[in-house]
Novice: 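First, the structure itself, so that you have it in front of you.
A, B, ... follow the sequence lines: proteins, then strands. Residue 1 opens every chain.
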Number of protein chains: 2
Amino acid sequence: MHQRSHEEQRYLDSYNASAFDRPSVTVDVVILTLRDGHLEALLIKRKEHPFLNYWSLPGGFVQMQESLDEAAARVLRQKAGLEGVAGMEREGPLRHPIYLEQLYTFGHPERDPRTRVISVAYYALVEASHIREMGEEKALFRLRIPEGESAVEIFDSKFKKYSLAFDHAEILGVAIQRIRGKLGYTPIGFELLPERFTLRQLQTVHETILQKRLNKDSFRRKMLASGMLEPTGELERGLGRPAELYRFRREL
Amino acid sequence: MHQRSHEEQRYLDSYNASAFDRPSVTVDVVILTLRDGHLEALLIKRKEHPFLNYWSLPGGFVQMQESLDEAAARVLRQKAGLEGVAGMEREGPLRHPIYLEQLYTFGHPERDPRTRVISVAYYALVEASHIREMGEEKALFRLRIPEGESAVEIFDSKFKKYSLAFDHAEILGVAIQRIRGKLGYTPIGFELLPERFTLRQLQTVHETILQKRLNKDSFRRKMLASGMLEPTGELERGLGRPAELYRFRREL
DNA sequence: AAAACTTATATGCAATAAGCATATATCTAG
DNA sequence: CTAGATATATGCTTATTGCATATAAGTTTT
């Protein structure tokens with residue numbers, strides 16, 4: 001460990017961070033889930049100015065004694081009622097850990113009219129059954145990026161379109177582009193599935209995220225060859241031939 | 001644009017950011033270049049505590065009126081004497097724009113003994129001839145990640161090994177892993193080459209970043225088929241057969 | 001009970017890509 | 001002029017992907 005001299009200790013003791021003007025720092029979390037073949041985000045309604053009554057990403061100021069990861073997990077818990085972030089909290093019998101990853105840090109000086117606020121944005125992938133009852137203050141919205149565009153469109157269940165507070169629609173758009181790209185080299189699609197799933201459900205996750213149709217036979221052969229699928233030996237019955245159920249074989 | 005009511009304006013006028021304790025925010029830039037088949041980083045020597053006389057990444061506090069991207073570009077200019085970030089400054093006859101991208105935000109509460117400091121880290125890819133004279137205060141160091149490990153090793157030109165200030169070695173390691181991965185889906189290797197280059201030089205860039213040998217014939221066929229190489233019609237003479245010179249065909 | 005329908009699973013073939021061995025070309029050095 | 005160094009080219013094998021076609025296994029309808 002770095003050894004400190006008396007001179008250095010005196011320097012540290014006299015250091016005054018207030019001598020410099022500092023921006024505020026928040027953590028904002030894009031909570032993504034998948035329902036009925038739609039990518040959705042959990043948003044909360046702002047109760048104070050600015051953007052009073054606008055829907056927004058759950059967020060909060062970073063506390064002085066917590067890491068950024070801890071702040072994001074706290075926001076998930078306090079603002080969205082979601083607990084059990086993978087690799088963060090006490091390892092109990094977690095049914096389905098939440099996937100949480102840093103997205104990007106948004107720091108345009110004018111992004112918040114109150115004061116200078118820098119936002120360290122995260123995204124969380126949450127299996128739909130993990131999300132509890134919605135209410136007046138928080139709800140799930142469907143997301144869509146029109147062909148050839150980059151801006152995301154946000155709809156409620158009655159297909160009414162919304163603008164979000166601050167630059168939260170832009171943050172949301174970055175998150176969607178991120179998971180589209182990441183799906184190409186990291187098996188994050190599994191984070192949106194229940195513990196046991198069918199190949200059709202896995203393909204639906206991929207098609208929903210990528211917003212395009214995939215070839216059924218190629219997809220299943222590729223997935224079966226990947227070694228990531230662990231057969232459970234059980235079947236799920238529907239209208240047609242029963243489908244085999246799999247688990248995601250996580251590498252240790 | 002979001003229209004503001006009188007009530008909201010009053011709210012904003014009375015807002016006091018100092019009511020909340022705020023961390024300091026810095027921008028730190030990993031400056032990467034490639035010389036003699038080695039990946040190198042430009043570091044500067046700290047002139048004050050803590051970590052006095054330790055080598056460190058160029059960095060600085062984020063000013064209240066600048067964006068994070070502007071802060072990173074300012075750090076490049078003021079601390080490393082590098083100008084001409086792609087897409088940022090006035091478009092003059094830039095010989096070789098510098099590639100600058102946000103890396104990750106490091107926010108462990110104890111990472112700086114002075115006070116709580118959150119670092120928005122960037123990485124810059126700089127063609128070697130762009131880097132001016134080194135001196136007592138800044139120098140280039142060779143980087144290497146041993147097989148099967150994740151921590152980066154930092155050497156000077158006499159193969160002396162160094163530890164860096166703060167968590168800057170960790171930040172450096174994240175940057176190397178980032179460009180290794182990104183090389184797979186974005187042609188960032190070209191950012192480390194001069195305007196005109198040979199296929200051998202391009203392969204050397206890839207091999208140095210990935211820290212492994214690539215098959216010469218497959219590599220060149222793949223690159224020639226990619227459509228990214230624009231033949232200049234000129235040759236570069238060496239000891240053997242003259243090599244054809246290419247330019248990077250940037251998509252508009 | 002049988003037929004129709006739905007959905008899942010399996011397989012062969014063609015096209016494309018990647019790895020590798022081998023050959024030829026074109027220069028400079030001796 | 002030959003040897004050496006380096007670049008460029010090509011054929012073959014293996015792997016992957018897309019697609020068409022076939023078979024399997026249920027549920028629903030008649």
Side-chain angles (χ1 to χ4, degrees), chain A residues 34 36-37 180-187 189-190 193-249, chain B residues 34 36-37 180-187 189-190 193-249:
Chain A
L34 201 131
D36 303 323
R180 282 184 177 181
K182 202 169 172 98
L183 200 55
Y185 56 90
T186 308
F190 293 100
L193 288 164
E195 187 180 347
R196 292 180 307 176
F197 52 87
T198 68
L199 271 163
R200 185 86 196 116
Q201 286 173 321
L202 179 56
Q203 181 173 343
T204 300
V205 163
H206 280 240
E207 288 182 335
T208 306
I209 289 178
L210 298 174
Q211 222 168 281
K212 70 174 183 176
R213 299 296 302 274
L214 298 175
N215 180 271
K216 181 166 63 71
D217 310 303
S218 306
F219 182 84
R220 47 182 307 125
R221 186 158 29 173
K222 175 180 177 180
M223 283 299 164
L224 290 170
S226 73
M228 296 188 289
L229 300 180
E230 180 187 351
T232 65
E234 301 168 46
L235 298 174
E236 176 179 275
R237 292 166 178 253
L239 273 189
R241 177 172 170 166
E244 295 178 46
L245 286 168
Y246 297 89
R247 275 196 200 85
F248 175 44
R249 181 176 287 149
Chain B
L34 201 131
D36 303 322
R180 281 184 178 181
K182 202 170 173 97
L183 201 56
Y185 56 89
T186 308
F190 292 100
L193 288 165
E195 189 180 346
R196 292 180 305 175
F197 52 86
T198 69
L199 270 163
R200 184 84 198 123
Q201 285 171 321
L202 178 57
Q203 180 173 345
T204 299
V205 163
H206 280 241
E207 288 182 335
T208 305
I209 290 178
L210 299 173
Q211 220 168 283
K212 71 174 184 176
R213 299 296 301 277
L214 298 173
N215 179 272
K216 180 166 63 71
D217 310 304
S218 305
F219 183 82
R220 43 182 309 126
R221 187 158 32 176
K222 176 180 178 180
M223 281 301 164
L224 289 172
S226 72
M228 296 188 289
L229 299 181
E230 180 187 351
T232 65
E234 301 168 43
L235 298 174
E236 176 180 275
R237 292 168 179 256
L239 274 192
R241 178 170 171 166
E244 294 177 46
L245 284 168
Y246 296 90
R247 276 196 200 87
F248 174 43
R249 182 175 287 146

Novice: Just how far is it from atom OG1 of B:T204 to atom CD1 of B:I209, taken to the nearest 0.5 Å?
Specialist: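 Spacing of OG1 (B:T204) from CD1 (B:I209) equals 11.0 Å.
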
Novice: Taking ring-ring contact (aromatic ring centres under 6.0 Å, His included) as the cut-off, I'd like each qualifying pair that reaches into residues 205-240 of chain B, sequence neighbours left out, listed once.
Specialist: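 For residues 205-240 of chain B, and leaving out neighbouring residues, the ring-ring contact (aromatic ring centres under 6.0 Å, His included) pairs sorted by first residue read B:H206-B:F219.
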
Novice: According to ring pair (Phe, Tyr, Trp, His ring centres under 6.0 Å), who are the partners of A:F197, at least two apart in sequence or on a separate chain?
Specialist: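 Scan of A:F197 (ring pair (Phe, Tyr, Trp, His ring centres under 6.0 Å), adjacent residues dropped) gives A:F190.
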
Novice: Between P on D:dG11 and CZ on B:R220, what's the gap in Å once rounded to a whole number?
Specialist: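 From B:R220 CZ to D:dG11 P: 16 Å.
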
Novice: Identify the pairs formed between an N or O of the protein and an N or O of nucleotides 26-30 of chain D at a distance under 3.5 Å, and give each distance.
Specialist:
from   : atom 1 : to     : atom 2 : distance (Å)
D:dG26 : O3'    : A:R237 : NH1    : 3.3
D:dG26 : N2     : A:L239 : O      : 3.3
D:dT27 : OP1    : A:R237 : NH1    : 3.1
D:dT27 : O4'    : A:L239 : O      : 3.1

Novice: Side-chain donor-acceptor pairs under 3.5 Å in residues 223-234 of chain A, sequence neighbours left out?
Specialist:
from   : atom 1 : to     : atom 2 : distance (Å)
A:S226 : OG     : A:M223 : O      : 2.7
A:S226 : OG     : A:M228 : N      : 3.2
A:T232 : OG1    : A:E234 : N      : 3.1
A:T232 : OG1    : A:L245 : O      : 2.9
A:E234 : OE1    : A:R196 : NH1    : 2.3
A:E234 : OE2    : A:R196 : NH1    : 2.6

Novice: Where each residue is assigned the nucleotide of DNA chain D containing its nearest heavy atom, which of A:D217 and B:L245 is assigned the position nearer the 5′ end?
Specialist: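 The residue whose closest nucleotide sits nearer the 5' end is B:L245.
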
Novice: Which pairs count as side-chain hydrogen bond (donor to acceptor under 3.5 Å, both in side chains) when at least one residue sits in residues 215-224 of chain A, sequence neighbours excluded?
Specialist: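 Matches after skipping sequence neighbours: A:N215-A:S218.
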
Novice: When you compare the protein's N or O atoms with those of nucleotides 14-17 of chain D, which come within less than 3.5 Å of each other, and at what distance?
Specialist:
none

Novice: Are the side chains of A:T198 and A:E244 in touch, meaning some heavy atoms are under 4.5 Å apart?
Specialist: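 A side-chain contact under 4.5 Å is absent here.
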
Novice: Send over the distance from B:L202 CG to D:dA7 P, rounded to a whole Å.
Specialist: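 These atoms are roughly 13 Å apart.
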
Novice: Name all residues meeting the salt bridge (Lys or Arg N to Asp or Glu O under 4.0 Å) criterion together with A:R247; count only those two or more places apart in sequence or in a different chain, and write none if there are none.
Specialist: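 Residues passing salt bridge (Lys or Arg N to Asp or Glu O under 4.0 Å) with A:R247: A:E195.
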
Novice: I'd like to check the side-chain hydrogen bond (donor to acceptor under 3.5 Å, both in side chains) partners of B:Q211; sequence neighbours left out, ordered by chain and number.
Specialist: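 Only B:R180 meet the side-chain hydrogen bond (donor to acceptor under 3.5 Å, both in side chains) criterion with B:Q211.
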
Novice: Calculate the interatomic distance between B:R200 atom CZ and D:dT8 atom P; express it in whole Å.
Specialist: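 So the two atoms are 11 Å apart, to the nearest Å.
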
Novice: Kindly write out the residues that satisfy salt bridge (Lys or Arg N to Asp or Glu O under 4.0 Å) with B:K182, not counting sequence neighbours, or none if the list is empty.
Specialist: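 Counting only residues at least two positions away or on another chain, B:K182 forms a salt bridge (Lys or Arg N to Asp or Glu O under 4.0 Å) with B:E101.
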
Novice: Which is the 5'-most and which the 3'-most nucleotide of DNA chain C that has an atom under 4.0 Å from a heavy atom of chain B?
Specialist: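 Footprint of chain B along DNA chain C, 5' to 3': C:dA18 to C:dA29.
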
Novice: Any idea which heavy atoms bring A:G189 and A:V205 closest together, and the distance?
Specialist: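 For A:G189 and A:V205, the tightest heavy-atom pair comes out as O-CG1, 3.6 Å.
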
Novice: Answer yes or no: side-chain N or O of B:K216 and base N or O of D:dT6 forming a donor-acceptor pair under 3.5 Å.
Specialist: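 No.
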
Novice: Would you please name every residue forming a salt bridge (Lys or Arg N to Asp or Glu O under 4.0 Å) with A:R213, sequence neighbours left out?
Specialist: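 Residues passing salt bridge (Lys or Arg N to Asp or Glu O under 4.0 Å) with A:R213: A:E207.
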
